[in-house]
Amino acid sequence: LVTYNTLISGIAASDAPELERARGIENHLKKMGLTGNEVTYNALMATATRSGQVEEAFVIYEEMKKINVGSFNVELFTTLITVCGQAGQLERAFQVHDRMISEGVNPSVVTFNALLTACRRGNRPDSSDIALDVMKIMRDTPDCVPDVITYSTLIDTLGRDGRFTEMNDLLAEMKDLGLSPNFVTYTSMIGALCKSGDLDAAIQLFHEMEEKKIEPNIYTFSCLVGGARRKKDIQMAIFILKLMKDRGVVPN
RNA sequence: ACCAUAAAUACG
């Protein structure tokens, strides 16, 4: 069983996880008269999630219930929330959240972060407000301390909504809590400003991040190039490309 | 032996 589990885990961890291959190995295991355990199913679940297959993830969850593979942990529920978020199924993500609570499993920071991402990807006009509500629930949950990912996700959501005042309030709030914005936080804000057409403010933030010795990456520069493109500012686009090469970031 | 969360990317 360990051999088979190792194989399935290898597929789960590969660059392009294929659920069919993982299932094929699971079939082998069954033919040998073996029964999958928690590790087998966690690896299958990881494969489904990493290849973005929501329905399959839930099928695996149902199988786990049927076979009674021990108790479900917070990671498993969080994985399900993540896969719902990837598919833009916000309602379903909340259902998983409710279910884990009814089963006595406490959500963690990671669980709430996954829910926040699901809000962002939910493509709803009120996703910012829902995300702020999730943040409130999180604050009322014991042992759940928001981290840099929590704030980066919220900042990203509000920024895409053009709610820059609130975005800046969140930035101040995270700093007050002793959390330092990182390259993702900055890239999210830069991306939001570029989308809204405020390239100047985006460039200003770019300089701020460099002053703080936070290294921009290909994502950061892609946001800026996109901002220049939206403004049809070819000079600026070329300037950013130069800047990027100068910083040792290779254009893709 | 496995193990959960955040950011960019034209055209269509």
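Note that the structure is predicted; figures quoted are calculated from it, not measured.
An OP1 or OP2 oxygen of B:A7 is reached within less than 4.0 angstrom by a side-chain nitrogen or oxygen of A:Arg121.
Here the P atom of nucleotide B:A4 and the CG atom of A:Asp147 are 15 Å apart, to the nearest Å. Nucleotide B:A6 holds its P atom 14 Å from the CE atom of A:Met138, rounded to whole Å. Atom CE of A:Met45 and atom P of B:U5 are 13 Å apart (whole Å). Atom CD in A:Gln86 sits roughly 8 Å away from atom P in B:U5 (whole-Å rounding). Atom C1' of nucleotide B:A6 and atom CE of A:Met174 are separated by 11 Å, given to the nearest angstrom. Rounded to a whole Å, the CD1 atom of A:Ile190 is 15 Å from the C1' atom of B:A6. For A:Leu19 and B:C2, the CG to P distance is 19 Å, given to the nearest whole Å. Following rounding to the nearest Å, A:Met64 (CE) and B:C2 (P) show an atom-to-atom distance of 16 Å.
A:Asn73 and A:Asn42 form no side-chain donor-acceptor contact under 3.5 Å, judged by distance and modelled atom types alone. Side-chain contact check for A:Thr220 and A:Thr187: at least one donor-acceptor pair (N or O, by modelled atom type) lies under 3.5 Å.
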Can A:Asn106 and A:Asp143 be said to form a side chain to side chain donor-acceptor pair (under 3.5 Å), step by step?
-> CA-CA 10 Å; A:Asn106 290 326; A:Asp143 300 322; over 6 Å; no
Take A:Tyr61 and A:Phe72, measure what ring-ring contact (aromatic ring centres under 6.0 Å, His included) needs, and give me the verdict at the end.
-> CA-CA 9 Å; A:Tyr61 172 61; A:Phe72 298 122; 5.2 Å; yes
Under the side chain to side chain donor-acceptor pair (under 3.5 Å) rule, what do A:Glu173 and A:Tyr151 come out as? Steps first, then yes or no, please.
-> CA-CA 9 Å; A:Glu173 187 180 305; A:Tyr151 278 98; 2.6 Å; yes
What's the verdict on side chain to side chain donor-acceptor pair (under 3.5 Å) for A:Ser188 and A:Thr185, showing C-alpha distance, side-chain angles and the deciding distance?
-> CA-CA 5 Å; A:Ser188 294; A:Thr185 322; over 6 Å; no
What do the steps show when you test A:Thr111 against A:Thr78 for side chain to side chain donor-acceptor pair (under 3.5 Å), and what is the final call?
-> CA-CA 5 Å; A:Thr111 312; A:Thr78 304; 2.9 Å; yes
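The side chain of A:Asn5 has B:A1 as its nearest neighbour among B:C2, B:A1, B:A4. Here B:A6 is the nucleotide among B:C2, B:U5, B:A6 with the atom lying nearest to any side-chain atom of A:Asn182. For A:Thr117, whose side chain is taken as the heavy atoms from C-beta onward, the closest listed nucleotide among B:A6, B:C2, B:A1 is B:A6. You'll find that the side chain of A:Ser108 is closest to B:A4, out of B:A4, B:C2, B:A7.
For RNA chain B, the residues of residues 35-42 of chain A within the heavy-atom distance limit of 4.0 Å (strictly under) are A:Asn37, A:Val39, A:Asn42, sorted by number.
Residue contacts shown for A:Ser152 include a base, since a base heavy atom lies under 4.0 Å away. Among the heavy atoms of the strands, none lies under 4.0 Å from A:Phe221.
The base of B:A4 sits within donor-acceptor range of the side chain of A:Thr78, with an N or O pair under 3.5 Å. One N or O donor and one acceptor, one from the side chain of A:Asn217 and one from the base of B:A7, sit under 3.5 Å apart.
In this structure, A:Ile25 CD1 and A:Thr6 OG1 are separated by 10.0 Å, a value rounded to the nearest 0.5 Å.
A:Glu26 and A:Lys30 are joined by a salt bridge, as a carboxylate oxygen and a charged side-chain nitrogen come within less than 4.0 angstrom of each other. Using a 4.0 Å cut-off between charged nitrogen and carboxylate oxygen, A:Glu208 and A:Lys213 do not count as a salt-bridge pair.
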What protein N or O atoms touch nucleotides 8-12 of chain B N or O atoms at under 3.5 angstrom, if any, and at what distances?
from : atom 1 : to       : atom 2 : distance (Å)
B:A8 : OP1    : A:Arg160 : NH1    : 3.2
B:A8 : OP1    : A:Arg160 : NH2    : 2.4
B:A8 : N6     : A:Tyr219 : OH     : 3.0
B:A8 : N3     : A:Ser222 : OG     : 3.1

